[in-house]
Every structure is written in structure tokens, then in C-alpha cells.
Amino acid sequence: MLKVNGIDVYYGKVQALFDVSIEVGDREIVSIIGANGAGKTTLMKSIMGINKPKNGTIEYNGQVISGLPPHKVVSKKIVYIPEGREIFPNMTVQENLEMGAYSVKLSKAEMERHLEEQYEIFPRLKERAKQKAGSMSGGEQQMLAIARGLMSDPELLMLDEPSLGLAPVIVDDMFDVIVRVNKVRNIPIAIVEQNAFMAMSISDRTYVLEVGNLVTHGESKTLMDSDEIKKAYLGG
Ligand code: ATP
């Protein structure tokens, strides 16, 4: 389980997160919603060790991980898929997936098994295994970014704006895939999203960030019924 305990994060003198606490339980999908600049990415980067909290701690499975450099956080099997799907456009889909397992050094047989696992969850990628990744649609590239992250067998997956820039019909597919990954792989997933409706629809619990402050959190179903949340985040 991931526990963020009251972190304050600064960029120089400017404070971006104020006493933020969140938890992600073992099997949960948790969404973190908020407007542009609310601090969602900052929170993810803090968990990954890219930003160092000035106060507060971050624990993973009972160990304090705040203060660790990013590669040590990754070695705890926490995988972060940043926004903007940074795939390798000139490599094929399969080569991109193989790169995802680079840090875990798989045998040939294990590599095959890992690839097959991804192709089962993402059949579209199997059809396109030999295609240059950069020539795929935005949605397919986003799926590839997630599948590549799964190649290293994460125990916690963190997705930053997986629906960013995708057409509405593709957004539905994307969130279906996230639910499937959670079910098939049995891993917790934390999603940062501006698409509050979709993120809340598929998550167990939601945290709401406003200008660096956590303003409310709770079961997604309950929050979706709240008038304030409806007005502020769900278009009335
Ligand atoms: P978006 O949805 O637009 O990505 P966000 O909720 O992820 O927004 P952050 O990217 O975490 O928000 O930004 C939170 C605040 O911190 C913003 O005011 C932003 O300008 C500031 N910020 C983010 N990164 C830096 C940086 N490297 N240096 C200085 N300020 C930063």
C-alpha cells in the first residue's frame, strides 16, 4: 500500500503542494482529479522521487520511500506513465515493449511470456507488433505506453492523464483497458485526470486537488452524487 503523509512540495520558493495526504490500497483504482495546475503531476513526481517533499513522508509497503532517487523508487516496482506518451516513435511496437523490460533483464522465454501477456490485454498492439510506433493513432500510442510500463511487472501503476488528447470514443476504450489491467494483473492503479467523469466512473476512490490543496476525498460513487463536485467537475 502507498501512503503519502502530509507532503509539502516546492518549486524554488513557490509551494505547489500543501500538506497533501493520499493512500492507494492493494487492489484499488484511485483517481486524483483537479484543474490545470492543481498539482496532480507534482504529486506523482513526488511519489516517484523526482520532486522531494520539504515536509511529510511517502511510504510504500511500510517503508519510507521519500528521499529515494527515482531509480530506487522504480526498483520497488512502482511504474509511472507520464502524460504525453513518451514512446519511441521510430521503433516498432514490439521493440518498444521490449524496452519496457530493459531494467528487469528478462530471459528470452520470460520476454516472450511478458509480451504475450501484454498482447492479451491489448490485442490491437499484437496486430501492430511490427508497425513503427510513431505511425499509430494517439489512442494506440497511449495503450503502448501503458503496455510498455507493464512489461517490468509493476506492483503499483501510476498513470498521468491517460486520456489527454484522445477522441471521446477512444477515451472510453482507454478507461476500459485501465479497468482490465487492474482486474487481470491484480495491481493497484492511481490515475491523475482532468477528465473527472471518466476517472471517477472507473475508480473506487477519488481525491480532489485545488491549487495544491486536497479539498475532499471519498468513494467515487458518493462524490459523483455530491452537488459541489457535480458543479465544479462534472459539468453540472
Ligand atoms: P496539468 O493538469 O495542467 O498537468 P497539474 O495538476 O498536473 O496540471 P502540476 O503540473 O503539478 O499541475 O503543477 C502545479 C503547479 O506547480 C503549477 O502552478 C505549475 O506551474 C507549477 N510547476 C510545475 N512544475 C514546475 C517546475 N518544474 N518549476 C516551477 N513550477 C512548476
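Whatever order the structure lists ligands and atoms in, that order sets their numbers, starting from 1. It should be emphasised that the depicted structure is a prediction, and the values quoted were computed from it without experimental measurement.
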Donor-acceptor pairs under 3.5 angstrom involving side-chain atoms of residues 34-50: please list them, not counting sequence neighbours.
unit_1	atom_1	unit_2	atom_2	d
Asn36	OD1	Gln194	NE2	2.9
Lys40	NZ	Gly34	O	2.9
Lys40	NZ	Ala35	O	2.9
Thr41	OG1	Glu83	OE2	3.4
Thr41	OG1	Asp160	OD2	3.0
Thr42	OG1	Tyr11	OH	2.9
Ser46	OG	Thr42	O	2.6

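The protein residues lying under 4.0 angstrom from ligand 1, judged by non-hydrogen atoms, are Tyr11, Ala16, Ala35, Asn36, Gly37, Ala38, Gly39, Lys40, Thr41, Thr42, Glu83, Glu161, Gln194.
Crowding of Glu120 atom CD: a count of heavy atoms from other residues, nucleotides or ligands under 6.0 Å not exceeding 12.
Sequence neighbours left out, the pairs with a member in residues 226-236 that pass side chain to side chain donor-acceptor pair (under 3.5 Å) are Glu210-Tyr233.
The salt bridge (Lys or Arg N to Asp or Glu O under 4.0 Å) test applied to Asp153 returns Arg185, not counting sequence neighbours.
Stacking of Lys126 on the aromatic ring of Phe122 is not recorded, the 6.0 Å distance cut-off and the 45° axial limit not both being met.
For the pair Lys108 and Glu112, the salt-bridge criterion is not met [side-chain N within less than 4.0 Å of a carboxylate O].
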